[in-house]
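One is the number of the first residue; the rest follow in order along the sequence. Hydrogens, waters and symmetry mates play no part in the numbers below; they use all other heavy atoms, side chains included. Fair warning: this is a prediction, and the values are worked out from it, not measured in the lab.
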Amino acid sequence: MHTKERLLPQWGLRARDGGDGKSGMPKAKLNRQAWLLLLVIGLFGAANALSGTFVNVYIWKVKNDFALIGWFAFYHQVTMAITFWLSGKWVKEGNKMNTLRLGVALSAVFYLLVLFLEKSAADWILLLGFVQGLSAGLFWLAFNVVYFEITDRDNRDRFNGWAGLLGSGAGMIAPWISGIVITRLPGTIGYRWIFAVSLGIFVLGVIVSFFLKKRKVEGNYDWLLAYRVLKHNDGPWRSVFVALIAQGIREGVFGFIIGIMIYMATQNEMDIGNFSLITSAVALVSFFFVGRLMKPGSRKWSMLIGVTVMIAVIMPFFWSVSYTTLLLFGIGIALFMPLYTIPMTSSVFDIIGRDEQSASQRVEYVVMREAGLNIGRMLGTLTFILVISLTSSSPQALNWLLLGIGSSPLLAWWFMRNQLVPKPMG
């Protein structure tokens, strides 16, 4: 293999003159390390899918308080944002694989705490939010950096498609099983069984992570890179950062509210499981085809189509918030979310890898990416808490709130639109 044609694994970049020296077309296959990372994210997703939605419902059943659920999410988001920034030094200058493993292990600790606290968990949301945010920050920072290092811009859409496929598969089966167990066992026994199983899956995820190779350590951590990059408007990052904030606004609220809305409409955890089974089955098919068929050149308009439908499917809530309208919403999101998330994620990481200088500071850029997302999540969640508190959880106010927050992906597309068209790396 000639020097000009080599893959540059330390940066996740591919030499610009192409793949095999004949057609100039790069290969898009995933290597063994990529598949192992997908297995780790699959286990992490399965454990969270098994219990994640039901933690909020569990707290809701103890105290019917939307604001309490919002504060739980907010404590998680704040801790996660701080953890990303502080742990960046460890990830860049130490062993990022240990960071990833600790994140998975702390997820297990979170469910141990929930098992120990039982019904008093609703009184300890600050502690629970802190542990969950710490685990998520450590895991996702290490995951995103490793993901960047083992993929390149030619196979990044494929990796994201497989990651979405695994997430959809986990989201399809795990909550459905949880619903069956919770509804068939008396009291909170079913919840405790499910939380215990999640704990075991997280432990398995730690074990699998030891098969991932130790990654190379490069350079010193730059604490203030994000400040300097955003201070100067001579690159793509200022508009990208605003887009990430807009993306986070929706994620911060929709991540916890839909499961509670289903429970309020049906008073049955099994319906939450059935909802996840149906919508995740649709998402599985959608991620499979979008991940395989999407090309970098189609990202811009694919993302706009996805965003438009994601907003439109909120409208039926103004007529009725029932299991039927929630299911229609879920199916619409499942079908079109890949058109939004795959271009958004792949394009941001392509910008990180646009040249060797940028790629050498990948940890700092991943931290900056997550800072944008977490600022958005916190803004969305604080808006949710404020509106719910001022309107006494009025159903009509909640609908308008969901429409407003659910429309933020349109802002994300607007600020990302010029970055969704691939540019030559230099």
Assign the ring pair [X] / [Y] to parallel, tilted or perpendicular, where the plane angle (0 to 90°) is split at 30° and 60°.
X      : Y      : result
Trp140 : Phe143 : perpendicular
Phe288 : Trp162 : perpendicular
Trp223 : Trp85  : perpendicular

Evaluate the side-chain proximity of [Y] to [X]: yes if any heavy-atom separation is below 4.5 Å, no if none is.
X      : Y      : result
Leu373 : Ile245 : no
Ser286 : Phe336 : no
Leu141 : Leu100 : no
Met294 : Leu339 : yes
Asn56  : Tyr263 : no
Tyr191 : Val57  : yes
Phe211 : Val40  : no
Met261 : Phe329 : no

(Q) Among residues at least two apart in sequence or on other chains, which ones pass side chain to side chain contact (heavy atoms under 4.5 Å, CB included) with Ser346? (A)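 Side chain to side chain contact (heavy atoms under 4.5 Å, CB included) check on Ser346 returns Arg156, Asp157, Asn160, Arg299, Ile342.
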
Enter the distance from [X]:[atom1] to [Y]:[atom2] here, rounded to the nearest 0.5 Å.
X      : Y      : atom1 : atom2 : result
Ile260 : Phe256 : CD1   : CZ    : 7.0 Å
Asn31  : Thr151 : CG    : OG1   : 9.5 Å
Arg362 : Met368 : CZ    : CE    : 15.0 Å
Thr381 : Ile249 : OG1   : CD1   : 10.0 Å
Trp237 : Tyr365 : CH2   : OH    : 7.0 Å
Leu328 : Ile333 : CG    : CD1   : 11.5 Å

Side chain [X], main chain [Y], donor-acceptor under 3.5 Å:
X      : Y      : result
Ser360 : Gln357 : yes
Ser107 : Gly103 : yes
Thr325 : Phe317 : no
Arg369 : Val366 : no
Ser347 : Met344 : no

Q: Pick out which of Gln247, Gln77, Glu251, His76 makes a side-chain hydrogen bond (donor to acceptor under 3.5 Å, both in side chains) with Arg377.
A: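 So, applying the side-chain hydrogen bond (donor to acceptor under 3.5 Å, both in side chains) to Arg377 and each of Gln247, Gln77, Glu251, His76, only Glu251 qualifies.
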
Q. Does the side chain to side chain contact (heavy atoms under 4.5 Å, CB included) test come out yes or no for Gln419 and Ser239, once each step is laid out?
A. CA-CA 9 Å; Gln419 310 304 327; Ser239 62; 4.2 Å; yes

Q.
If we check side-chain contact (heavy atoms from CB on, under 4.5 Å) with Val91, which of these qualifies: Val146, Val145, Leu138?
A.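 So, applying the side-chain contact (heavy atoms from CB on, under 4.5 Å) to Val91 and each of Val146, Val145, Leu138, only Val145 qualifies.
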
**Q.** Phe254 six-ring centre to Arg250 NZ/CZ under 6.0 Å and within 45° of normal
**A.**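 Geometry flag: set, cation within 6.0 Å and 45°.
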
Q. With sequence neighbours excluded, what pairs up with Phe72 under the ring-ring contact (aromatic ring centres under 6.0 Å, His included) test?
A.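 Expected list: none.
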
(Q) Phe74: which residues meet the ring-ring contact (aromatic ring centres under 6.0 Å, His included) condition with it, sequence neighbours left out? (A)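 Scan of Phe74 (ring-ring contact (aromatic ring centres under 6.0 Å, His included), adjacent residues dropped) gives Trp71.
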
Show the nearest heavy-atom pair for residues [X] and [Y], with the distance to one decimal.
X      : Y      : result
Phe159 : Ala34  : CE1-O, 3.6 Å
Gly330 : Phe275 : CA-CZ, 3.7 Å
Ala122 : Val62  : CB-CG1, 3.8 Å

Could you work out, with salt bridge (charged side-chain N to carboxylate O under 4.0 Å, His left out) as the rule, every residue matching [X], not counting sequence neighbours?
X      : answer
Asp65  : none
Arg101 : none
Lys300 : none
Lys89  : Glu93

**Q.** Residue pairs involving residues 122-133 (criterion salt bridge (charged side-chain N to carboxylate O under 4.0 Å, His left out); sequence neighbours excluded)
**A.**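 Those involving residues 122-133 are Lys63-Asp123.
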
Q. Tell me the salt bridge (charged side-chain N to carboxylate O under 4.0 Å, His left out) pairs involving residues 401-418, sequence neighbours left out?
A.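 Sorted result for residues 401-418: empty, none.
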
Q: Take Trp90 and Asn98 through the side chain to side chain contact (heavy atoms under 4.5 Å, CB included) test and state the conclusion after the steps.
A: CA-CA 9 Å; Trp90 184 17; Asn98 284 340; 3.9 Å; yes

Anything under 3.5 Å between a donor and an acceptor, one on a side chain of residues 302-312, the other on a protein residue two or more places apart or in another chain? List them.
| from | atom 1 | to | atom 2 | distance (Å) |
| --- | --- | --- | --- | --- |
| Ser302 | OG | Ser298 | O | 2.7 |
| Thr308 | OG1 | Leu304 | O | 2.8 |

Name every donor-acceptor pair, under 3.5 Å, that has one atom in a side chain of residues 197-208 and the other anywhere in the protein, sequence neighbours excluded.
| from | atom 1 | to | atom 2 | distance (Å) |
| --- | --- | --- | --- | --- |
| Ser198 | OG | Ala47 | O | 2.9 |
| Ser198 | OG | Ser51 | OG | 2.5 |
| Ser198 | OG | Ile194 | O | 3.4 |

Q. Below 6.0 angstrom between ring centroids: does that apply to Tyr75 and Phe130?
A.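 For Tyr75 and Phe130, the ring centres are not under 6.0 Å apart.
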
Q: Please assess Gln361 against Lys92 for the test side chain to side chain contact (heavy atoms under 4.5 Å, CB included), listing each intermediate value before the final yes or no.
A: CA-CA 9 Å; Gln361 295 178 301; Lys92 183 160 187 175; 4.2 Å; yes

Q. Taking atom CH2 of Trp193 as the centre, does the number of heavy atoms from other residues, nucleotides or ligands within less than 6.0 Å exceed 12?
A.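 No, CH2 of Trp193 has 12 or fewer neighbouring heavy atoms, counting only those of other groups under 6.0 Å.
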
Q: For atom CZ of Phe66, decide whether the heavy atoms of other residues, nucleotides or ligands shown that lie under 6.0 angstrom number more than 12.
A: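 Above 12, so yes.
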
Q.
Under a 4.0 Å threshold between the charged nitrogen and the carboxylate oxygen, would Glu269 count as salt-bridged to Lys61?
A.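 Yes, this pair counts.
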
Q) Could you give all pairs that pass the side chain to side chain donor-acceptor pair (under 3.5 Å) test and reach residues 273-284, with sequence neighbours left out? A)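 Applying side chain to side chain donor-acceptor pair (under 3.5 Å) to every pair that reaches into residues 273-284, excluding sequence neighbours, yields Trp176-Asn274.
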
**Q.** The single option from Phe116, Phe54, Phe195, Tyr58 passing ring-ring contact (aromatic ring centres under 6.0 Å, His included) against Tyr111
**A.**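 Going through the options one by one, the only one that passes is Phe195.
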
Q.
Please determine whether side chain to side chain contact (heavy atoms under 4.5 Å, CB included) holds for the pair Val229 and Glu364, giving the CA-CA distance in whole Å, both sets of side-chain angles, and the decisive distance to 0.1 Å.
A. CA-CA 11 Å; Val229 169; Glu364 290 89 344; over 6 Å; no

